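What you are looking at is a predicted structure, and each value in this text was computed from that prediction instead of being measured.
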Protein chains: 2
Amino acid sequence: MSDTNIPVRATEASDSREGCREVIPTLARIGDKWTVMVVGSLSNGPMRYNQIARLIEGISQRMLTLTLKSLEQDGLVSRTMYPTIPPRVDYELTDLGRSLIVPLRSLHSWAVEHQPAMLAAREEFAKREQQTGLRQTRFTDPK
Amino acid sequence: MSDTNIPVRATEASDSREGCREVIPTLARIGDKWTVMVVGSLSNGPMRYNQIARLIEGISQRMLTLTLKSLEQDGLVSRTMYPTIPPRVDYELTDLGRSLIVPLRSLHSWAVEHQPAMLAAREEFAKREQQTGLRQTRFTDPK
DNA sequence: CTGCATCCACCGGGATACTG
DNA sequence: CAGTATCCCGGTGGATGCAG
C-alpha cells in the first residue's frame, strides 16, 4: 500500500479547497473595515446618516455613502427616507444583515483570543529576522 | 408612552461598537482573498511552495510569497526548508493557523447559505434603480 | 524549485466643493 | 441634513527578470 507522495485526505480535500473559493466573493463584499464598522454600528438599531458618520469617526462621506449603498444592494441594510425638511434617512439592518452578525461575532472572538499570540509571533519573527540577517543572503548590493 | 427616538439597547451598545474595532486589524490581516485561499489549501496538510501555487491558480509568485511570509510572521504558518538540490520548502498550518479555520467555517456557512439571497437582492435593487432612474435626481449634467 | 527585486498600471479611498 | 462629483495621491498587486 502507500502510494508515491500525495497524502491528501481526499474526503475533506475538495470541501476545504472548493469551500474557500465560495467565501471569497462574500469576504470581498463584507470583509472590508468600513462594512464591518457600519454593520457593527447598526447592530444597535436603526440610525441616521450623520449619526453613523459621527459614530465611526474617520470615515469619509464618500466611503460611508458607498458602503451603505452596497450594503443596501446586497439586501443587508434597508434605507428609509422621510421627505421632510430637513430630510431624514434611516438605515437599519435587515434580517439578512442581522444574520451576518453571527459569523462576525465568531471572527471577533477569534480576534480577541488570538491577537496577543499573533503580536507575540510578530515580535519573535522580527528577532529571528535580525539574527539571520547577520549572515543574510544578499545577492544584489543594497542600493 | 414611548419616548422621543432613542431605542438603543445600551446594554450591548458599546459591546457591538467597540467590539467591531477589534476585528478590524485581524480582518485586515487574514481577510484578503489570498490569505483565505492559502489557509484553505493548507488545511489539508503541509504543502510545498509550487503545490500551493498550482492549486490556487491565479495567484502570482509575488502574492504567494508575500502572503506566506505574512502568515509566517503572524505565526499562522510554519515554514520548513530542506537544503537539498533542488531545494524544497514545506508550509504547514500551526495550531494557531488551524484555529482560524473555525471562524472561517462560520463565514463559509453564512456565505453558502445567504449568497442566493444577496444575489437576489442585487437584481431586485437593479430593477428599482431603473424604475426610479426615470425620474432620477440629476443635479449636474452628465458630461 | 524557491524566492527576492524592480517597474508599472490600476483603483481604493481621502479631501474638497457643490446641490436639493 | 444627506448626499453627489471631481481631483489626486499612495498602496496593491501583476509581469518580468535574475539569483541561490
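- Between the side chain of A/R98 and the backbone N or O of A/L93 there is at least one donor-acceptor pair closer than 3.5 Å.
- Side-chain nitrogen and oxygen atoms of B/Y91 include at least one within less than 4.0 Å of the OP1 or OP2 phosphate oxygen of C/dG3.
- Atom pair A/L64:CG and C/dT16:P shows a separation of 18 Å (rounding to whole Å applied).
- One finds the OH atom of A/Y91 at 11.5 Å from the CZ atom of A/R48 (value rounded to the nearest 0.5 Å).
- In this entry the distance linking CE of B/M47 with P of C/dC1 reads 14 Å, nearest Å.
- Each end of the helix from C/dC1-D/dG20 to C/dG20-D/dC1 yields a helix axis from five base pairs, and these two axes differ in direction by 40° (to the nearest 10 degrees).
- Mapping A/M81 and B/S60 onto DNA chain D by nearest heavy atom places A/M81 at the nucleotide closer to the 5' end.
- Between the side chain of A/T67 and the backbone N or O of A/W34 there is no donor-acceptor pair closer than 3.5 Å.
- To the nearest 0.5 Å, atom CD of residue B/E57 and atom CZ of residue B/R54 are 10.5 Å apart.
- Across residues 70-79 of chain B, B/R79 each have a non-hydrogen atom less than 4.0 Å from an atom of DNA chain C (numbered order).
- Side chain of A/W34, nearest nucleotide from C/dG14, D/dC1, D/dT16: C/dG14.
- Listed candidates were C/dC1, C/dT16, D/dC1. Nearest to the side chain of B/P87 is C/dC1.
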Please produce a list of atom pairs where a protein N or O lies less than 3.5 Å from an N or O of nucleotides 8-12 of chain C.
none

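- Within 4.0 Å of A/K33, counting heavy atoms only, lies no atom of the nucleic acid at all.
- Judged by distance alone, the side chain of B/S41 and the main-chain N or O of B/M37 form a donor-acceptor pair under 3.5 Å.
- Look at NZ on A/K69: it is 12 Å from C1' on D/dA5, rounded to the nearest Å.
- Residue A/R88 places no side-chain N or O under 4.0 Å from the OP1 or OP2 atom of D/dA2.
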